[in-house]
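All remarks here apply to the structure that follows.
It should be emphasised that the depicted structure is a prediction, and the values quoted were computed from it without experimental measurement. All heavy atoms count here, side chains included; hydrogens, waters and symmetry mates do not.
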Amino acid sequence: MLSSSASRRTRSASREARSTARGPRSTTRGSRSTARAPRLVAGAALVAAAAFTLTACGGSNDADQPVAQVSASATSAAVSLDQPFAKPNLTLTDSDGKPFDLAKETAGKPTLLYFGYTHCPDVCPTTMSDIAEAKRSLPKAEQAEVRVVFVSTDPTRDTPQRLKAWLGAQDPSFIGLTGDFSTIQAAARGLGVAVEKPVKQKDGSYAVTHGAEVFAFSPKDGKAHFLYTSGVSVSDYEQGLKALVKGGVPS
């Protein structure tokens, strides 16, 4: 692991109508995405900066979101967090229509957490598909331990029924959560994830903005010690899950 650290913020915007994209996934259909380079923060403890850019169906203009301090790795696509994030104190409705307490229901389990929406034309379905494929590479016993939680950033359209069908096409064990938008936004911002309320456009399309981070919470202490940004490969997720189920960090 390199000794350098970085503080970063990302912003991006999306529309379901037209399509251009920048970042690790260079093309999309049905959305427009832009991403700004991270703002680097200098300080006595930061001898150098390792910056990364996120790509998503959307992002945020919120300048007050937390800034994660990260360490760069020369051999892993995972981004190690210098200060691990605790799981959000979040209770929403799951894809079976039942209350789901995130911290309680995933306690002691290796957990991946992602904020997105089912009408997303590009990054969200690709991310879930890649994670599903990576999960299938694990031994059956380890697959049963992993929890993958998808929190909707478009809760009005993402009903429990829709989440169940959409996620079920990727992996029936995936957990979809929906509910009050302000509650979802607060949980996302607590992790430094950019989320804005969906806006219906005059042409009938929606602008849905959100970050692209996938947080990996350890079964040992319930904290995220690393995350993935948009554009990582299935093999990257495989490496991360193998380490995560043992409570470790990809090397």
Side-chain angles (χ1 to χ4, degrees), residues 76-81 84-118 120 123-153 155 158-179 184 187-188 191 193 212-230 232-251:
S76 174
V79 179
S80 294
L81 299 169
F85 281 111
K87 287 176 187 171
N89 182 17
L90 181 65
T91 299
L92 293 169
T93 301
D94 68 15
S95 46
D96 290 322
K98 299 177 181 179
F100 188 95
D101 183 323
L102 178 64
K104 180 180 178 180
E105 297 291 346
T106 62
K109 302 295 184 182
T111 302
L112 297 183
L113 177 65
Y114 181 78
F115 292 83
Y117 70 114
T118 65
C120 175
V123 175
C124 299
T126 302
T127 299
M128 290 297 102
S129 177
D130 288 348
I131 291 173
E133 184 175 347
K135 180 172 169 281
R136 287 192 291 270
S137 72
L138 298 176
K140 292 292 185 181
E142 292 183 354
Q143 289 186 43
E145 289 295 303
V146 174
R147 300 292 182 268
V148 178
V149 181
F150 180 94
V151 180
S152 175
T153 58
D158 283 344
T159 63
Q161 295 79 8
R162 179 171 175 83
L163 283 169
K164 191 175 186 69
W166 190 81
L167 289 170
Q170 308 285 1
D171 186 317
S173 73
F174 284 5
I175 301 160
L177 299 182
T178 188
I184 293 168
L191 294 171
V193 178
E213 302 93 335
V214 176
F215 288 85
F217 292 91
S218 171
K220 291 186 176 180
D221 61 6
K223 294 182 178 180
H225 294 265
F226 68 96
L227 60 79
Y228 286 107
T229 64
S230 174
V232 301
S233 67
V234 172
S235 61
D236 293 329
Y237 284 122
E238 288 178 2
Q239 182 185 27
L241 285 173
K242 288 175 181 177
L244 185 65
V245 295
K246 296 176 174 62
V249 175
S251 59

Contact between Thr118 and Leu163 at the side-chain level, heavy atoms closer than 4.5 Å - yes or no? yes
Not counting sequence neighbours, list each pair that qualifies as a salt bridge (charged side-chain N to carboxylate O under 4.0 Å, His left out) and has a residue in residues 107-116. Lys109-Glu145
Output all residues satisfying ring pair (Phe, Tyr, Trp, His ring centres under 6.0 Å) with Phe174, sequence neighbours left out; order by chain, then residue number. none
With a 4.5 Å limit on heavy-atom distance, are the side chains of Trp166 and Cys124 in contact? yes
So Phe217 and Pro84, do their side chains get closer than 4.5 Å, heavy atoms only? no
Residue list, ring pair (Phe, Tyr, Trp, His ring centres under 6.0 Å) with Phe115, at least two apart or on another chain: none
Calculate, to the nearest 0.5 Å, the distance between atoms OG and CG belonging to Ser80 and Leu227 respectively. 8.5 Å
Rounded distance (nearest 0.5 Å) linking atom OG of Ser137 with atom CD of Gln239: 11.5 Å
In short, salt bridge (charged side-chain N to carboxylate O under 4.0 Å, His left out) pairs touching residues 91-106 with sequence neighbours left out are Asp96-Lys164
With sequence neighbours excluded, residues passing side-chain hydrogen bond (donor to acceptor under 3.5 Å, both in side chains) with Glu142: none
Is any side-chain heavy atom of Ser129 closer than 4.5 Å to a side-chain heavy atom of Gln170? yes
side-chain hydrogen bond (donor to acceptor under 3.5 Å, both in side chains) against Thr153, all qualifying residues, sequence neighbours excluded: none
Under the 3.5 angstrom rule, does the side chain of Thr127 hit a backbone N or O of Val123 as a donor-acceptor pair? yes
Using 30° and 60° as the class boundaries, would you call the ring planes of Tyr228 and Tyr237 parallel, tilted or perpendicular? perpendicular
Between Ile131 and Val214, is there a side-chain heavy-atom distance shorter than 4.5 Å? yes
Could you check whether any side-chain heavy atom of Leu113 comes within less than 4.5 Å of a side-chain heavy atom of Leu102, counting everything from C-beta outward? yes
As a quick check of understanding, evaluate side-chain contact (heavy atoms from CB on, under 4.5 Å) for Val232 and Asp130, giving each step before the final call. CA-CA 9 Å; Val232 301; Asp130 288 348; over 6 Å; no
When you measure from the side chain of Lys87 to the backbone N and O of Thr106, does any donor-acceptor pair fall under 3.5 Å? yes
Validation row: Pro160, Thr178 side chains within 4.5 angstrom (heavy atoms): yes
What's the separation between atom CG in Leu138 and atom CZ in Arg136, rounded to the nearest 0.5 Å? 11.0 Å
